[in-house]
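Step one of this worksheet: look at the structure below.
Values reported hereafter were calculated over all heavy atoms of this structure, with side chains retained and with hydrogens, waters and symmetry mates removed. Values in this document were obtained by computation on a predicted structure and should not be read as measured data.
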Amino acid sequence: NLIKNTTVHWQFAGLVLGFVGWIMTASISGVNDWRIWYVDNQTVITGGLAWVGVWRVCFNSHILDSAEICKSISLTDSFTPPEIAAAQVLCMVAVGVGVLAILVAGYAVRNAIFGVNNRHVRLTFVMACSLFWLTAVCSLVPVFWNMNSVLTNLTIDFPPDFYLPSTPVKQEVGSGIGIGIGSGCLLLTQFLKIFDCLKKTSISEDPKPNRISKYSIFK
């Protein structure tokens, strides 16, 4: 019983890890500061500091209508660079695939706890493993693409009403990219743990519930 209870705890911990990674993935598209821009124009932009996110650009201003000005970036805008357009699409895909991954992983853990057929449990874990891997890829591709754009100081041809030049004085990596890397690492860790468990597991036709310890995500 002690071994069984410990197994259940590790299975639940693995599910929580995947859920936390998905929460971080879902949050990164709403973070404004994927890229931090420093510009010369401090007349309109207070401190010459602007934040470029996936869906909007924001900066503080003491001469415009409000203290914080935000301009939206649409997928269909002609000035939207490919790395931001890719982030808009892939982050949404990652959220959807992540939901499926959590549901399938939760179902797999439930089946393992109640001692459902061994092969069925293994197949469900394989599906969860694949979905977590796909979620991580959809999250990390736009994150690293945008980070490369920051490090190489790539330009964005903003329209005049954004009050931003096409080329900043310099750019820095913002917290959105950091959160994206963290979420991708959590999801990949979940994937690797499940994959490692599947490699070590020897399939048995014995349906007895006391064999479910073989399906611990973090064995």
Side-chain angles (χ1 to χ4, degrees), residues 6-35 51-56 72-75 82-114 116 120-150 173-201 212 215-219:
T6 302
T7 298
V8 172
H9 292 159
W10 279 119
Q11 290 167 342
F12 182 75
L15 185 60
V16 170
L17 181 66
F19 181 73
V20 171
W22 175 79
I23 288 292
M24 294 174 65
T25 299
S27 68
I28 58 175
S29 61
V31 177
N32 292 331
D33 55 342
W34 279 51
R35 302 158 71 165
W51 302 275
V52 180
V54 173
W55 295 102
R56 59 182 182 173
S72 63
I73 302 175
S74 173
L75 183 65
E83 65 271 20
I84 289 182
Q88 291 179 347
V89 174
L90 290 177
C91 284
M92 295 299 100
V93 172
V95 171
V97 176
V99 170
L100 291 177
I102 292 170
L103 291 176
V104 173
Y107 181 65
V109 171
R110 179 260 182 197
N111 287 344
I113 292 173
F114 290 103
V116 177
H120 181 72
V121 173
R122 182 181 176 86
L123 176 61
T124 311
F125 273 126
V126 169
M127 291 176 60
C129 183
S130 301
L131 289 170
F132 276 121
W133 178 83
L134 183 57
T135 303
V137 170
C138 290
S139 174
L140 289 175
V141 166
V143 166
F144 282 114
W145 193 353
N146 277 272
M147 185 170 68
N148 177 71
S149 298
V150 171
V173 172
S175 61
I177 290 178
I179 296 172
I181 293 174
S183 67
C185 289
L186 280 176
L187 293 167
L188 285 177
T189 299
Q190 177 76 335
F191 160 74
L192 292 173
K193 285 294 184 180
I194 296 176
F195 184 73
D196 182 63
C197 176
L198 290 172
K199 286 199 304 181
K200 294 178 180 179
T201 301
I212 63 174
Y215 298 99
S216 175
I217 295 175
F218 291 93
K219 187 174 180 180

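Heavy-atom minimum distance, I28 versus G180: CG2-N, 3.5 Å. Residue T135 comes nearest to A101 through the heavy atom pair OG1-CB, 4.5 Å, listed as atom of the first residue, atom of the second, then distance. The two residues A136 and L187 make their nearest non-hydrogen contact at CB-CB, 3.8 Å. Nearest heavy atoms, M92 versus S29: CE-OG, 3.4 Å. For the pair A94 and S139, the tightest heavy-atom approach, listed with the atom from each and the gap, is CB-N, 4.2 Å. Minimum interatomic distance between G53 and I73 (heavy atoms only, all atoms of both residues): O-CD1, 3.9 Å.
From W34, atom CH2 reaches atom SG of C91 across 4.0 Å, with rounding to the nearest 0.5 Å.
For I181, the side chain to side chain contact (heavy atoms under 4.5 Å, CB included) criterion is met by V143, F144, M147, I177, C185, not counting sequence neighbours. Contacts of S27 classified as side chain to side chain donor-acceptor pair (under 3.5 Å), with partners at least two apart in sequence or in another chain: none.
Judged as a salt bridge (charged side-chain N to carboxylate O under 4.0 Å, His left out), the pairs with a partner in residues 83-101 (not counting sequence neighbours) are, in order, R35-E83. Evaluation of the side-chain hydrogen bond (donor to acceptor under 3.5 Å, both in side chains) test over residues 85-100, restricted to residues two or more places apart or in two chains, returns none.
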Donor-acceptor list for residues 14-26 side chains, cut-off 3.5 Å, not counting sequence neighbours:
unit_1	atom_1	unit_2	atom_2	d
W22	NE1	V95	O	2.9
T25	OG1	G21	O	2.9
T25	OG1	S183	OG	3.4

Donor-acceptor contacts, no H, no angles, side chain residues 124-132, under 3.5 Å, sequence neighbours left out:
unit_1	atom_1	unit_2	atom_2	d
T124	OG1	H120	O	2.8
S130	OG	V126	O	3.0

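Counting heavy-atom neighbours within 6.0 Å of W51 CH2, excluding the residue itself, gives a total above 12.
Counting heavy atoms from C-beta outward, N146 and V150 have side chains that stay 4.5 Å or more apart.
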